[in-house]
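Just so you know, residue 1 is the first one in the sequence shown, and it goes up from there. The basis for the numbers below is simple: all heavy atoms, side chains too, and nothing from hydrogens, waters or symmetry mates.
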Amino acid sequence: DWWLEEHGLIMSNPESLPRKRYDRDSGEVLPYKRYVVTGDREVTTVLTVREDGRWELEKGTLGDVTHLPCRSARYTQPQQSLNAAGPATCVP
């Protein structure tokens, strides 16, 4: 299981964003975490990721905060060959 970016570089698997935040002032663990995000164009906004995996942007759309020219592909081993002997075949 690996990713290939548009220039041929192999990337590590992305990790999930933390969904909780520790508030130093109150000592509480909050059920969300906020990130400042931008697509390096017109919109810079706040992304809130909630403990249950839901997320929302304060303003704009996903297209506004995504670096559009980047393309990547995830390669995984076919299900039928997981237990097969021999070299693995990668399928996009």
Name all residues meeting the side-chain contact (heavy atoms from CB on, under 4.5 Å) criterion together with D25; count only those two or more places apart in sequence or in a different chain, and write none if there are none.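 Residues passing side-chain contact (heavy atoms from CB on, under 4.5 Å) with D25: D23.
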Those residues that, when tested against L4, pass side-chain contact (heavy atoms from CB on, under 4.5 Å) (two or more places apart):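 side-chain contact (heavy atoms from CB on, under 4.5 Å) check on L4 returns W2, I10, Y75.
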If I compare all heavy atoms of T38 with all of V43, which pair ends up nearest, and what's the gap?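 Nearest pair, atom of T38 first, then V43: OG1-O, 3.0 Å.
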Could you work out the complete set of other residues in the hydrophobic cluster of Y32, with links drawn between I, L, V, M, F, W and Y side chains under 4.5 Å apart?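 Other cluster members: L30.
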When clusters are formed from ILVMFWY side-chain contacts under 4.5 Å, directly or step by step, what else is grouped with V29? Y22
For [X], all residues meeting side-chain hydrogen bond (donor to acceptor under 3.5 Å, both in side chains), sequence neighbours excluded:
X   : result
D52 : R54
T48 : R34
R21 : none
E5  : H7

Say whether V46 and W55 are linked into one hydrophobic cluster, either directly or through other cluster members, by side-chain heavy-atom distances under 4.5 angstrom.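 They do not share one cluster, since no chain of ILVMFWY contacts under 4.5 Å joins V46 to W55.
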Please list every donor-acceptor pair under 3.5 Å in which a side-chain atom of residues 58-65 meets a protein atom from a residue at least two apart or in another chain.
{"unit_1": "T61", "atom_1": "OG1", "unit_2": "G63", "atom_2": "N", "d": "3.4"}
{"unit_1": "T61", "atom_1": "OG1", "unit_2": "D64", "atom_2": "N", "d": "3.3"}
{"unit_1": "T61", "atom_1": "OG1", "unit_2": "D64", "atom_2": "OD2", "d": "3.3"}
{"unit_1": "D64", "atom_1": "OD2", "unit_2": "T61", "atom_2": "N", "d": "2.8"}

Are more than 12 heavy atoms, taken from residues, nucleotides or ligands other than N13, located less than 6.0 Å from that residue's CG atom?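 Correct, the count exceeds 12.
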According to the salt bridge (Lys or Arg N to Asp or Glu O under 4.0 Å) rule, which pairs have a member within residues 11-20, sequence neighbours left out? K20-E51
Nearest 0.5 Å please: distance from the OG1 atom of T76 over to the CH2 atom of W3.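 Here the rounded value is 10.0 Å.
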